[in-house]
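Keep in mind the model is a prediction, meaning the values are calculated, not measured.
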Amino acid sequence: MHHATRLSPLALTALLAACGGDASAPLACTDLTTERLRLPHLQVVSAVEVAASGALPAHCQLTGSLNPRTGIDGKPYAIGFELRAPLPEAWNGKFFFQGGGGTNGVIVPATGHLLNAPTGTALERGYAVASTDGGHATGQSDATFGLDPQARSDYGYHAVGQVTLTAKKILQARYGQGPTRSYLVGCSNGGRDAMVAASRFADQFDGYVAANPGFNLPKANIAQHWDTQQFMSAAGAGQLPKDAFPPSAMALVAQRILARCDALDGVTDGMVHDRAGCQTAFSLARDVPVCPGAPEAGCLTVAQKTALQNVFDGARDSAQRSLYASWPLDPGVTGQNWRFWKLDAGFAPLPFNTLIGAGAGGYIFSTPPNAPDLSDGGLGYQLGLSMDDAEAKITRQAPPFTESAMEFMTPPNPTQLTTLKARGKLIVVHGTADPVFSAHDTIAWYEALQAADADAARYARVFLVPGMNHCAGGPATDRFDMLAALEDWVERGHAPDAVRATVNAADPDVVAAGWPATRSRPLCAYPAQAMLKPGAIDTEDAASFECR
């Protein structure tokens, strides 16, 4: 078997500086070939001019791969990537790395998805954009690459680091100069990409948007198993989580949360901005009626309430030691996206946290990896995971797996961001009703960062989005342009205290809530929260609220 040598970022930087990219002679798109670029371990698959289409401008689309090799599982691997570069006269001089999602496995078109921005892409805004498959082409939701240790590391961090360095040299060759600014924007695993890069590759980027970041993804994966176990504890014979907790049950919980918490921010509007106050004001045990017998409308059974309380309290072992964060109690539990991940994927009868989580837990996050039986969608594997063994699986090393899941997946020094502090800015945004990664985990990270560095707000800020599910959705004002806020901070020195957010009027959760299409709210830099201004009349306008 042939195993390619893995280059460190410093070594790759030195090699790239020595080969390719003539500042005095920019290359045409079709001249961006393997032979002309002469970059180490790079294979250009294609480089073609793409005509303008719809909103997308004309651009050069390059597809390539790095470090082709054969894994210890006998399968072929390489870090696949795509780079899209506007015409020279349309380039804004900046680079945008598009974060991945899930277990990656495919090259998503590098148009520069702007997450929750109402319209547009980074490519439309003049950026050159790169994306990667994370070092494996196994397809989305296929976690079998976890049988190869280097594929794990590539997925965790190497793919982002090496594609970034290579993409910048290709841009140097394409335009005759490298980018003046570089940004990394992603949600979910892409949000984790951003936080990992802010720790590992902070010398390569000026700013990051990490949305709903899974920066503790192996721990969150344990929580996925825990949740399934709890939901199933309330299920009857032949039932699944979706049967034990129908939409009416979660609607009841949301109604009771709103009854206690809606007015805490000064207005009754179906939203809970005072998250901290709500966690104190609302009690699942006290405020949700108990059914005297079988489940019925307007109440939950003791088994349902116990299961839900266990879910929101967070995963723990038999000694009651926490294995992951607790979760905010938020009316966004009625969101279709919340249900998709935790209870009912829709296209299959199981939660997506089971369908994707079981394979990832066994193949990627367990060391050594094990091959879970997925013939039942992963339900049996999740139910069989012992919480007393779960932490050892994600922290263990077992040669040839010399990095534990926590080592290759998480930021190595999440509260010691010295390079970021010196040259970059980080915006973290998180929905308080995220069913995949807990906003409480993000808050705990940020509070630890502030404890370690009193100046943390000068380079890192957190924005919570009340009611928002995973990356979007839920009864929430989930449309906002964080890239614009980041650019304003990095390029003009305007630190964001508040970012205006609007509703997606077409979202079924917004329609069901009966909110006007014009509703807007400020998203506030943590720990501030949006509160109605004294004497304000128009409660649908962000201008009527202040962050305090």
For [X], the option from [options] that meets side-chain contact (heavy atoms from CB on, under 4.5 Å):
| X | options | answer |
| --- | --- | --- |
| His41 | Thr166, Asn67, Ile79 | Asn67 |
| Val288 | Ile257, Leu300, Leu308 | Leu300 |
| Pro213 | Asp441, Val428, Val196 | Val428 |

Check whether NZ of the Lys or CZ of the Arg Arg192 lies under 6.0 Å from the centre of the six-membered ring of Tyr155 and within 45 degrees of that ring's axis.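 Checked: cation-pi criterion met.
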Distance-only donor-acceptor check, side chains [X] and [Y], under 3.5 Å:
| X | Y | answer |
| --- | --- | --- |
| Asp142 | Thr144 | yes |
| Gln230 | Asp227 | no |
| His158 | Ser153 | no |

So with a 6.0 Å cut-off around CD of Gln416, is the heavy-atom count from everything else above 12?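 Open: at most 12 neighbouring heavy atoms sit under 6.0 Å from CD of Gln416.
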Please say whether more than 12 non-hydrogen atoms of neighbouring residues, nucleotides or ligands are located less than 6.0 Å from CD in Gln140.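 At most 12 heavy atoms, drawn from other residues, nucleotides or ligands, come within 6.0 Å of this atom.
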[X] to [Y] - nearest heavy-atom pair and separation:
| X | Y | value |
| --- | --- | --- |
| Ala194 | Ala210 | CB-CB, 3.8 Å |
| Ala130 | Leu83 | CB-CD1, 4.0 Å |
| Pro466 | Leu523 | CD-CD2, 4.4 Å |
| Ala398 | Thr367 | N-CG2, 3.6 Å |
| Pro331 | Ala254 | O-CB, 3.6 Å |
| Leu355 | Ala345 | CD1-CB, 3.9 Å |

Spell out, as yes or no, whether a donor-acceptor pair under 3.5 Å connects the side chain of [X] to the backbone of [Y].
| X | Y | result |
| --- | --- | --- |
| Arg84 | Thr111 | no |
| Gln336 | Asp509 | no |
| Gln61 | Val48 | no |
| Ser141 | Ile356 | no |
| Thr334 | Met250 | no |
| Ser131 | Val108 | yes |
| Asp317 | Gln320 | yes |
| Asp481 | Pro118 | no |
| Asp133 | Asn104 | no |
| Asn212 | Ser188 | no |

Please round to the nearest 0.5 Å and tell me the distance separating atom [atom1] of [X] and atom [atom2] of [Y].
| X | Y | atom1 | atom2 | value |
| --- | --- | --- | --- | --- |
| Gln162 | Tyr157 | CD | OH | 10.0 Å |
| Phe97 | Thr132 | CZ | OG1 | 5.5 Å |
| Thr432 | Met271 | OG1 | CE | 8.5 Å |
| Ile222 | Asp389 | CD1 | CG | 10.5 Å |
| Arg479 | Thr119 | CZ | OG1 | 10.5 Å |
| Gln224 | Tyr324 | CD | OH | 9.0 Å |

Is the shortest heavy-atom distance from the side chain of [X] to the side chain of [Y] under 4.5 Å?
| X | Y | result |
| --- | --- | --- |
| Ile72 | Leu147 | no |
| Arg275 | Leu464 | yes |
| Arg152 | Pro369 | yes |
| Phe215 | Thr442 | yes |
| Val272 | Leu329 | no |
| Asn216 | Thr410 | yes |
| Asp148 | His136 | no |
| Leu426 | Tyr446 | no |

Can His470 and Phe340 be said to form a side-chain contact (heavy atoms from CB on, under 4.5 Å), step by step? CA-CA 10 Å; His470 189 55; Phe340 170 87; over 6 Å; no
Using the benzene-type ring in the case of Trp, are the ring centres of [X] and [Y] under 6.0 Å apart?
| X | Y | value |
| --- | --- | --- |
| His225 | Tyr381 | yes |
| Phe145 | Tyr77 | no |
| Trp341 | Phe352 | yes |

With under 30° as parallel and over 60° as perpendicular, where do the rings of Phe245 and Phe231 fit, or are they tilted in between?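 Plane angle over 60°, so perpendicular.
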Using side-chain contact (heavy atoms from CB on, under 4.5 Å), reason through Val465 and Asn116 one step at a time and then give a plain yes or no. CA-CA 11 Å; Val465 187; Asn116 304 72; over 6 Å; no
Given the rule in the side-chain contact (heavy atoms from CB on, under 4.5 Å) test, do Ser199 and Leu417 qualify, once you have shown the distances and angles that lead to the verdict? CA-CA 6 Å; Ser199 180; Leu417 302 175; 4.0 Å; yes
Pair Thr103, Tyr363 - check side-chain contact (heavy atoms from CB on, under 4.5 Å), show working. CA-CA 11 Å; Thr103 54; Tyr363 282 113; over 6 Å; no
